[in-house]
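Beneath this line is the structure, given in structure tokens, with notes to follow.
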Amino acid sequence: MSSTWHILGAGSLGSLWACRLARASKAVRLILRDSTRLQAYQQVGSLGLLEQDLTAHYAIPAETAQGIGPIHRLLVACKAYDAAPAVASVAGRLVPGAEVLLLQNGLGSQDEVARQVPQARCIFVSSTEGAYLEHDWQVRFAGQGYNWLGDPGNPAPPPWLEDLQAAGIPAQWTPDILTRLWRKLAINCAINPLTVLHQCRNGGLLGHLDQVQALCLELESLLLQCGQPQAAQNLEQDVQRVLLATASNYASMYQDVQAGRRTEVHYLLGYACQAARRHGLHLPYLEHLHQRLVDNLRARGLPCD
Ligand code: NAP
């Protein structure tokens with residue numbers, strides 16, 4: 001199998017992964033949204049990675065989905081709501097047994113993608129690294145973190161994990177990737193929507209711990225009902241730890257809303273509420289929070305799906 005890393009989406013995380021892989025002399029190709037974006041990239045000719053005020057540039061080749069050539073390994077670095085349509089656009093180029101790595105936050109988009117590409121092996125990634133675009137084609141590495149990779153249908157790790165070590169991408173294979181994704185989703189549900197509704201930094205929620213606690217209790221019962229007891233363990237303590245450790249930060253959903261960007265609510269709180277309904281669980285606090293958030297987004301003219 002070819003060892004080229006095709007990166008679908010040159011946004012924050014896609015650029016961060018692409019630059020580090022290119023720096024380690026791995027073969028990388030970017031797949032950009034359309035010919036307009038491709039031309040814009042070609043005028044610049046490289047991706048910039050900013051780390052501790054040093055910028056390094058990597059002239060990574062790029063193409064659109066219409067490019068020719070088979071794809072053996074694809075890193076999907078779009079937002080959750082874009083992942084399935086983006087993968088559909090390259091589905092015809094994926095060889096049987098291709099590996100598709102899914103960086104999306106939340107849950108739901110991974111299954112949407114898997115349905116599109118039955119010929120591929122989908123590997124889910126839960127990332128705690130932080131990056132943002134300073135401007136087009138220039139990414140700032142903003143927060144050290146970790147990447148957990150796993151395949152819920154096949155516990156065998158892929159042979160290229162050492163590529164990631166060689167590229168300085170902190171990563172580990174886990175047989176419990178769904179536990180990690182559920183835990184992250186639950187923490188996100190307990191924090192992000194409230195920061196939008198209260199218009200505050202994470203630390204501002206320390207003044208609303210009664211609401212955080214009510215949410216955590218419902219989220220714990222949801223996790224147990226969904227067969228995720230490990231993800232439910234000490235959820236509230238963990239949420240409080242995150243609030244203290246990130247008190248001066250703005251949550252990603254808060255930042256999206258402030259910037260007038262679409263949020264990933266459908267794959268976070270929306271997914272949690274859907275799962276509760278599927279299991280016949282009545283979680284009034286979570287439902288009410290979802291409704292208030294949807295109303296808030298609508299009032300701002302932002303999509304809520
Ligand atoms: P982002 O900066 O918005 O980048 C997404 C990229 O996907 C954009 O460049 C967009 O292209 C591209 N895209 C969308 N549809 C496409 C298509 N059909 N073909 C090609 N490219 C397409 O998003 P991000 O912050 O990297 O987040 C990606 C995922 O990682 C999200 O689920 C996020 O929650 C998760 N995550 C992010 C971070 C972080 O620190 N950024 C940390 C952990 C997890 P255009 O530029 O043309 O719009």
Side-chain angles (χ1 to χ4, degrees), residues 6-20 29-42 44 47 49-51 60 62-67 71 74-93 100-110 112-113 116 124-149 169-171 177 180-181 183-185 187-189 191-192 242 246 249-257 259-271:
H6 283 87
I7 313 271
L8 184 56
S12 312
L13 277 198
S15 300
L16 179 65
W17 278 62
C19 288
R20 289 182 297 185
R29 291 188 76 80
L30 304 173
I31 303 180
L32 304 180
R33 188 187 282 276
D34 53 30
S35 55
T36 310
R37 296 292 284 154
L38 181 59
Q39 270 170 23
Y41 174 72
Q42 282 168 341
V44 176
L47 283 183
L49 171 60
L50 242 160
E51 266 179 296
I60 299 171
E63 61 196 37
T64 65
Q66 283 69 49
I71 297 175
L74 181 71
L75 179 76
V76 183
C78 309
K79 287 284 171 63
Y81 45 79
D82 279 330
V87 169
S89 71
V90 294
R93 294 175 58 192
V100 177
L101 281 79
L102 300 166
L103 274 178
Q104 287 59 49
N105 212 353
L107 281 162
S109 69
Q110 297 87 350
E112 289 173 6
V113 169
Q116 307 258 6
F124 300 5
V125 186
S126 178
S127 178
T128 60
E129 294 195 289
Y132 63 88
L133 291 182
E134 295 234 317
H135 49 77
D136 268 1
W137 325 120
Q138 176 141 314
V139 62
R140 177 175 281 279
F141 191 7
Q144 303 285 334
Y146 212 78
N147 296 284
W148 295 95
L149 286 78
I169 298 174
I177 189 67
R180 292 197 176 268
L181 286 165
R183 176 69 161 205
K184 194 165 179 233
L185 178 145
I187 294 173
N188 186 301
C189 287
I191 296 177
N192 286 27
V242 172
T246 63
N249 295 0
Y250 286 111
S252 55
M253 187 179 281
Y254 176 98
Q255 291 181 36
D256 284 341
V257 168
R261 290 189 298 254
R262 183 174 176 180
T263 71
E264 296 182 299
V265 57
H266 182 68
Y267 298 90
L268 294 161
L269 188 52
Y271 185 88

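Both ligands and their constituent atoms are indexed starting at 1 by order of listing.
Counting atoms of ligand 1 from 1 in the listed order, those under 4.0 Å from a heavy atom of Ser127 are 43 (C). Distances below 4.0 Å separate heavy atoms of Gly130 from the following atoms of ligand 1: 40 (O).
For Leu32, every heavy-atom contact with ligand 1 shorter than 4.0 Å involves the backbone, none the side chain. Counting heavy atoms under 4.0 Å from ligand 1, residue Ile31 touches it through the backbone alone. For Asp82, every heavy-atom contact with ligand 1 shorter than 4.0 Å involves the side chain, none the backbone.
Around atom 39 (C) of ligand 1, the closest heavy atom drawn from Ala131, Pro85, Ser12, Ala142 belongs to Ala131. Comparing heavy-atom distances from atom 5 (C) of ligand 1 across Ser15, Gly9, Ala77 singles out Ala77 as nearest. Counting only non-hydrogen atoms, the option in Val90, Val76, Leu103 that gets closest to atom 35 (C) of ligand 1 is Leu103.
Summary of contacts: the protein heavy atom closest to atom 17 (C) of ligand 1 is Ala86 CB, 3.7 Å. Arg33 NE, 2.9 Å is the protein heavy atom nearest to atom 47 (O) of ligand 1. In terms of protein heavy-atom proximity, atom 22 (C) of ligand 1 is nearest to Cys78 SG, 3.8 Å. What sits closest to atom 34 (O) of ligand 1 on the protein, heavy atoms only, is Glu264 OE1, 2.6 Å.
The residues Glu63 and Arg93 are annotated as salt-bridged, a charged nitrogen and a carboxylate oxygen being separated by less than 4.0 angstrom.
For the pair Ile169 and Asn147, the minimum side-chain heavy-atom distance is below 4.5 Å. When side chains are defined from C-beta on, Trp137 counts as touching Arg37, because their heavy atoms get closer than 4.5 Å.
In this structure, Ala10 is part of the shell of residues with a heavy atom less than 4.0 angstrom from ligand 1.
At least one N or O atom of Leu13, backbone or side chain, sits closer than 3.5 Å to an N or O atom of ligand 1.
A cation-pi geometry, defined here as NZ or CZ lying under 6.0 Å from the six-membered ring centre and within 45° of its normal, does not hold between Arg180 and Phe124.
Side-chain atoms of Lys184 come within 3.5 Å of backbone N or O of Ser127 as a donor-acceptor pair.
Residues Tyr271 and Tyr267 keep their aromatic ring centres 6.0 Å or farther apart.
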Working for side chain to side chain contact (heavy atoms under 4.5 Å, CB included), residues Ile7 and Leu74 = CA-CA 6 Å; Ile7 313 271; Leu74 181 71; over 6 Å; no
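Side-chain polar atoms of Ser252 and Asn192 form a donor-acceptor pair below 3.5 angstrom.
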